[in-house]
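Convention: sequence-line order gives letters A, B, ...; per-chain numbering from 1. The shown structure was predicted, so the numbers you read here are calculated from the model rather than taken from an experiment. All values below come from the heavy atoms of this structure, side chains included, with hydrogens, waters and symmetry mates left out.
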There are 2 protein chains.
Amino acid sequence: MGRKTTKSGKIRLTEVAKLAGVSPITASRFFRNPEALSLSKRERVDSAVKELGYVPNLAARALASHRTEVIGVVIPSLTNNVFADVLRGIYDSSEGSRYSIQLANTRYSILQEEKLLQLFRAQKPAGLIVTGINQTAESRAILESMNCPVTQIMEIGDAPVDMMVGFSHYDASFAAISHILAQGRRRIGFLGARMDPRVQRRLDGYRDAMKAASMFDASLIVTTSVPTTVTLGGTLFADLLAQAPDIDAVFCVNDDLALGVLFECQRRQLSVPRDVAIVGFNDLEFMASAVPSLTSVRTNRYEMGRHAVTMVIDAIEGRRPQEPVLDLGFQLMVRESSVPPNT
Amino acid sequence: MGRKTTKSGKIRLTEVAKLAGVSPITASRFFRNPEALSLSKRERVDSAVKELGYVPNLAARALASHRTEVIGVVIPSLTNNVFADVLRGIYDSSEGSRYSIQLANTRYSILQEEKLLQLFRAQKPAGLIVTGINQTAESRAILESMNCPVTQIMEIGDAPVDMMVGFSHYDASFAAISHILAQGRRRIGFLGARMDPRVQRRLDGYRDAMKAASMFDASLIVTTSVPTTVTLGGTLFADLLAQAPDIDAVFCVNDDLALGVLFECQRRQLSVPRDVAIVGFNDLEFMASAVPSLTSVRTNRYEMGRHAVTMVIDAIEGRRPQEPVLDLGFQLMVRESSVPPNT
DNA sequence: ACAATTATTGACAGCGCTACCATCGGATTG
DNA sequence: CAATCCGATGGTAGCGCTGTCAATAATTGT
């Protein structure tokens, strides 16, 4: 009579309920709201589940409950190291919870984002994490109509769809430029690639900081919509030198560009930081180990992912945060590339 | 009477069928096997779907059909650039298909992998992509019992669970070492971190190439189980120099380590390649742009992702490949860091 | 021209679970 | 002590779709 088979046969909730001597609905509640069961039944169901090796059928659950346990994540890039860290935070935080992550990649296209959100809407996710605050009106309408918690990540702003976790790219950039100015540099170039909204705000911070110091000059700015690479950093730097040969510092919107600039300086026998100071953005791991070590703005990417998931899950389960906008800030990591060579 | 509401109300397949004047099952077939419908009905259903803005309920579909349209992907790391490229290929190829990707991260733990595979088994995915060929016996048993196409990626071997796409890490490493030896270098150090199975095979290739040239010396090898970073490359190189001061070349199991070695050489005023040749692995983008440019082994990561998905989808739909093992090979990208300075 | 075959189509039942409400003791209250 | 309430439990009905198989229409061969 040993039909307590672990074989992936027909173990449904009904079987569990039978073994535990309760009704199926009680067994169902064991998973969704165990506190509602009396201790004795809870234990009986628990051991029945274990004995039978029961695994819930998620499709049936979703169909019957009109809900899923999926958190959708919309990011613009899979190759950008920045998002790799965010994703790691997201996956780390979602493990152990009942929710699973469904990833979607917009490739920096807001139209693609709109399509992906439509897809998500059809799936009725339990929660959603989207990148940035520059959705199209249509995307925003979808998000607002979704009837599930939404967290916008990577930056913060005034009008969250629901919740936000990020930092001010404008402030971070402003702080970086202020630091460079404080080192006595006057002709600070700006190098930007793949000018997404967050990079635009870094440019705004640069512009305002330069204007505040009466150092602004449009010919110090070189940008392109091309995706970032290290090689591109060198190219942009060459362009910058061509149009403003007297620069004494470069602010790069990300660390890959900064590394490219460093290599280009080596190629041109320019001394860093004597001839040119270099400051990057994101503080990827290699920045500390370059020669000279490179100054950068550290952002809390992993934590951003963790918080985003936690906020969404908490909101799904009714624990809404006091404050919907969470500012994770940034830190300027001052290194050799931006301070006087002989301090 | 204009109840052709686009409002996300109650548009089920039944409504579509009614509007199209067919039975629900015919409407259902429109999605799963449109060729089976007569042209007239196909068009009627098609326009009904569009008019009503019908979106299939995936949960109901999964419940009724005992299948999902999910392809599970098991990778060991989210931060490793190598997998970022593979993932990009996977997501790019899955877009436009009916299948969605479910990602899971083992963090290089084969026990974690086992757990994740158990989870996947419960969800009955349509297909599975797993990293490497070193699953536990238990994992392998799960994979074989899953009754869905499985593709192992990143490397190739003799006994595929089902299909494979990758390349020989042993051969790639052997080729790299042969190249360095051909440049007249004799004391070639080996730097390895996070010694996962694929890195181990690179070590095997190194060892055999060195032995074949009668140049093998265990004191030339420095490895650690710590995860790779650029900084670690410098540290390992320092260790190597300490235990074998006479080295004239370094082979690094990945490009991050190689970059770290380059920086460490700059710090120690060692000339590359005159004093030390450097060769990396993977050919990340920055290798070409470093000063000097760094030799590396190019691997077709993006293509690996693309092929893996294509193979799985084809197999799901009954188009099994002639040859279950696909070798994508590698290319040695010879650059300044490994050739004589004055050629 | 007629049986045999093949392409289309539909009826029925049910996938495994949970929403909704009903039930039923027992505790609380005036 | 009856009226009320509450926590714990169960019964009934589907959720929206598709597998199975039978029924019908179209096609073909001889």
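- Per the geometry, CG belonging to B:Asn33 stands 13 Å off C1' belonging to D:dT18, to the nearest Å.
- Summarising the geometry, the separation between NZ on A:Lys18 and C1' on C:dC17 is reported as 15 Å, rounded to the nearest angstrom.
- With rounding to whole Å, B:Phe30 atom CZ is found 14 Å from D:dC17 atom P.
- The side chain of B:Ser23 places no N or O atom within less than 4.0 Å of a non-bridging phosphate oxygen (OP1 or OP2) of C:dT9.
- Taking atom CD of B:Glu69 as the reference point, atom C1' of D:dC17 lies 12 Å away to the nearest angstrom.
- Rounded to whole Å, the distance from CG on A:Leu39 to P on D:dG7 is 17 Å.
- Counting any heavy atom pair closer than 4.0 Å across all strands shown, A:Ala36 reaches sugar-phosphate atoms only and no base atom.
- In this structure, A:Tyr54 has its ring center no closer than 6.0 Å to that of A:Phe30.
- Here the side chain of A:Ser145 pairs a donor or acceptor atom with the backbone of A:Ile142 at under 3.5 angstrom.
- Atom CZ in A:Arg44 sits roughly 9 Å away from atom P in D:dG10 (whole-Å rounding).
- Classification of B:Asp46 and B:Arg42 as a salt-bridged pair fails, no side-chain N sitting under 4.0 Å from a carboxylate O.
- A distance-only check finds no donor-acceptor pair linking the side chain of A:Arg29 to the backbone of A:Leu37 [under 3.5 Å].
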Using a cut-off of under 3.5 Å, enumerate the N/O to N/O pairs linking the protein to nucleotides 12-15 of chain C.
{"residue": "C:dC15", "atom": "O2", "partner": "B:Ala64", "partner atom": "N", "Å": "3.4"}

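- Residue A:Arg67 places its side chain closer to C:dA19 than to any other of C:dG10, C:dA19, D:dT9.
- A salt bridge does not link B:Glu303 to B:Arg306: none of the charged side-chain nitrogens sits closer than 4.0 Å to a carboxylate oxygen.
- Contact check on A:Glu95 versus B:Arg107 returns a salt bridge, with a Lys/Arg side-chain nitrogen under 4.0 Å from an Asp/Glu carboxylate oxygen.
- Checking side-chain atoms of A:Gln152 against main-chain N and O of A:Pro160 turns up no donor-acceptor pair under 3.5 Å.
- Contact annotation for A:Arg29: base contact, defined as any heavy-atom pair under 4.0 Å involving a base atom.
- At whole-Å resolution of the value, CD in B:Glu35 and P in C:dA7 are 13 Å apart.
- Comparing the local axis fitted to the first five base pairs of the helix from C:dA1-D:dT30 to C:dG30-D:dC1 with the one fitted to its last five gives a bend of 20°, rounded to 10°.
- Here CE of B:Met154 is found 10.5 Å from CG of B:Leu328. Values are rounded to the nearest 0.5 Å.
- In this structure, the side chain of A:Arg44 engages the main chain of A:Ala20 through a donor-acceptor pair within 3.5 Å.
- Distance, A:Leu52 CG to C:dG16 C1': 15 Å, rounded to whole Å.
- Note on A:Ser38: a side-chain N or O is less than 4.0 Å away from OP1 or OP2 of D:dT9.
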